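So the structure is just underneath, and the comments pick up after that.
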Amino acid sequence: MAGSAFFMACAILVLFGFCVEAELVQHTFKVSNMMVRRYCKNKTITVVNGEYPGPTITAHEGDSLAIQVINESPYNISIHWHGIFQRMTPWADGPNYITQCPITPGNSYTYKFNVVGQEGTLWWHAHVSVLRATVYGALIILPRAGVVGYPFPNPHKEETILLGEWWKADVITLQNRALASGSAFNISDAYTINGHLGDLYRCSNKHTHKLEVEQGKSYLLRIINAALNTQFFFKIAGHRLTVVAADASYTSPFSTDTIAIAPGPTIDALLHADSHPSNYYISALTYASSPAIPFDKAASPYASAPPSASPFDNTTTVAVLSYKSSPPSSSPPIMPPLPAFNDTPTAHHFYSNLTALHPNSVPLQIDQRMFVAFGLGLTPCSVNQPLCRGNAISASMNNISFSFPTTVSMLEAHFRKIRGVYTKDFPNRPLVAFDFSNPSVNNQGSFQLTDKGTKVKKLKYNETVEVVLQNTAVLAAENHPLHLHGYNFYVVAQGFGNYNKKEARKNYNLVNPQERNTIAVPVGGWAVIRFRADNPGLWIMHCHLDGHLSLGLAMVFEVGNGPTPSTTVPPPPQDYPTC
Ligand SMILES: *[C@@H]1O[C@H](CO)[C@@H](O)[C@H](O)[C@H]1NC(C)=O
Ligand SMILES: *[C@@H]1O[C@H](CO)[C@@H](O)[C@H](O)[C@H]1NC(C)=O
Ligand SMILES: *[C@@H]1O[C@H](CO)[C@@H](O)[C@H](O)[C@H]1NC(C)=O
Ligand SMILES: *[C@@H]1O[C@H](CO)[C@@H](O)[C@H](O)[C@H]1NC(C)=O
Ligand SMILES: *[C@@H]1O[C@H](CO)[C@@H](O)[C@H](O)[C@H]1NC(C)=O
Ligand SMILES: *[C@@H]1O[C@H](CO)[C@@H](O)[C@H](O)[C@H]1NC(C)=O
Ligand SMILES: *[C@@H]1O[C@H](CO)[C@@H](O)[C@H](O)[C@H]1NC(C)=O
Ligand SMILES: [Cu+2]
């Protein structure tokens, strides 16, 4: 009786669009190589469904997704749904050799998962080698239909802005070279907005993204940094932006003229078209956090080359914001004043000033405390690096440079209790403490060498975790965006220098800290994150600068099952790719 009453109510409400069932959102992703033209030259890139950037997935909170990925490319592929919790579907998370083996050429895998308890802008990208350079797209989760809308005035329109990088050379070739020589991945030749280089690059003015607005209306910009290795400053001439969400978590409205965004994060911001009708540049250029470090070759026997300010791509990409009412004009669009490349105060102001829209459930009692020092380092060249001389560049967390397994995914090894794939001894703190953020650590060679391993930190279901993330200055102090799979975490504090518990605690935000899936840890500084391990599975936490992930800047949490069937990881799906 109650059931049919509900049905009746629902049937009536449907007429008014109020009672919408969760839907199944289905897509087919064909991954293949394709020719595109940039810089007046043709180049083969790997894409999804012949689109660059790839297709946008739109769902409502509460929906189920089924995305069949068919690999018609010559490369191994896997796709990660960046920021999706994947509760009870860790098999669909995507990172190569962590939760699955790659989908080999000619094969397919259907990623099935629900989007529950999160809404806003996320994205998807390849999580194998450097294919993420062109295999990416937006994943937008709208509020559950008919329930509550946005916690801000409805915008007139929504626009997705995907920031990316462009290399003239083939990225797989560049990666193979970097691996063989033990050197860093090449910097990009250009930046892109929605796949377009923009007016300022040679031979590119027909390749400029355009955004047309109407005077007096407001627009929701869903900004995604899909670059492999570049943090961006993002600005629009003549306009301020109001940030309303980050990483698909609502924030207190934050007004700014500059957005800083690391690779991985997303920012939702409202743009009010309230300026003089004209044409304005939307611009993105790098935030290059790495300052030059003094170096004493004699005192540093391990380093083969002096560390320096990391080289960076010193170019600017633009799109054009134009008012419908603006009179035709022959003068170029208005350029915003741009921050300096190393403007850390501006980046930090943005990164550290966001707060959650509402007070949230940040854990107050902590079961597991970790202190993780991480950054770059060196490791002796290995036999499969024929072009390497002496030491190869490496990266580590608590001195462990993460090695990916090759024969089985870690999640499958966990599920089937296969031994010898990984060990459960990821250290809770560095074995050797040193003056982590002091640039002179470069003159003390033994801090440069890293160890190797495939180690997890084991967590019991529902334990609360606090991780102090301490950036080191080894080789180069740099802002590293650390991304955790399977969870959002609360960023309770961040700062520069070495973490000092007593000082830092005074400034912990335990009321409304920003909730993120990625934290850009300040250059030469630290950040403190907290989360509750209520999502069983194997979850990688890694630097979202792709070049650092491949050097080993990663570790994995192994989170045990809960007490009930609904908190226990089910067996892998039928079509799960094995090695
Ligand atoms: C370059 O690519 C364009 C399509 O993007 C195509 O029409 C043209 O034939 C290509 N040229 C060469 C030399 O492959
Ligand atoms: C990539 O970087 C290496 C090392 O800096 C350099 O020798 C090479 O020319 C670069 N390759 C390209 C295509 O830019
Ligand atoms: C970057 O390029 C701009 C414009 O070409 C130039 O003014 C600036 O000095 C360059 N900066 C660096 C660090 O190379
Ligand atoms: C905003 O950032 C500045 C540093 O750039 C800091 O001094 C200030 O306390 C921050 N405000 C909030 C509310 O976090
Ligand atoms: C890291 O491990 C390497 C290799 O075992 C060792 O040489 C180095 O001293 C260690 N560094 C630190 C800071 O623990
Ligand atoms: C997990 O912890 C929360 C907070 O202490 C508690 O409310 C919940 O019941 C716990 N869940 C389980 C399954 O233990
Ligand atoms: C592709 O994946 C298969 C299965 O894991 C593996 O055997 C092969 O070596 C991989 N190929 C490359 C180029 O990584
Ligand atoms: Cu990094």
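Numbering of ligands and ligand atoms starts at 1, following listing order. These numbers were taken from a predicted model, which means no experiment stands behind them. Throughout, residue positions are numbered sequentially from 1 according to the sequence presented.
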*Quick one: which of L378, V432, N398, N399 has a heavy atom closest to atom 3 (C) of ligand 5?*
N399

*Give the numbers and elements of all ligand 6 atoms closer than 4.0 Å to a heavy atom of N462.*
1 (C), 2 (O), 3 (C), 8 (C), 10 (C), 11 (N), 12 (C), 14 (O)

*Go through the steps for T251 and L357 under the test side chain to side chain contact (heavy atoms under 4.5 Å, CB included), then give the verdict.*
CA-CA 4 Å; T251 62; L357 179 59; 5.8 Å; no

*Any donor and acceptor pair, going by atom type alone, linking the side chain of E478 with main-chain N or O of S289 inside 3.5 Å?*
no

*So is R177 close enough to ligand 2, meaning a heavy atom under 4.0 angstrom away?*
yes

*So F233 and Y287, would you call those rings parallel, tilted or perpendicular, with 30° and 60° as cut-offs?*
tilted

*Roughly how far apart are D546 CG and T230 OG1, rounded to 0.5 Å?*
11.5 Å

*Atom indices of ligand 5 within 4.0 angstrom of S446 heavy atoms, with elements*: 8 (C), 9 (O), 11 (N)

*Using a strict cut-off of 4.0 Å, indicate which atoms of ligand 6 neighbour a heavy atom of Y461.*
13 (C)

*Nearest heavy atom to atom 5 (O) of ligand 5 wins, so pick from I400, D451, L449, V474.*
D451

*asked:* D425 and side-chain hydrogen bond (donor to acceptor under 3.5 Å, both in side chains): which single residue from K457, K458, K455 fits?
replied: K455

*Would you say ligand 5 has an N or O under 3.5 Å from any N or O of T450?*
no

*Under 4.0 Å from atom 11 (N) of ligand 6, is there any protein heavy atom?*
yes

*With under 30° as parallel and over 60° as perpendicular, where do the rings of Y487 and W539 fit, or are they tilted in between?*
perpendicular

*Tell me: protein heavy atom nearest atom 1 (C) of ligand 2, and distance?*
N186 ND2, 1.4 Å

*Does atom 7 (O) of ligand 6 have a protein non-hydrogen atom under 4.0 Å from it?*
no

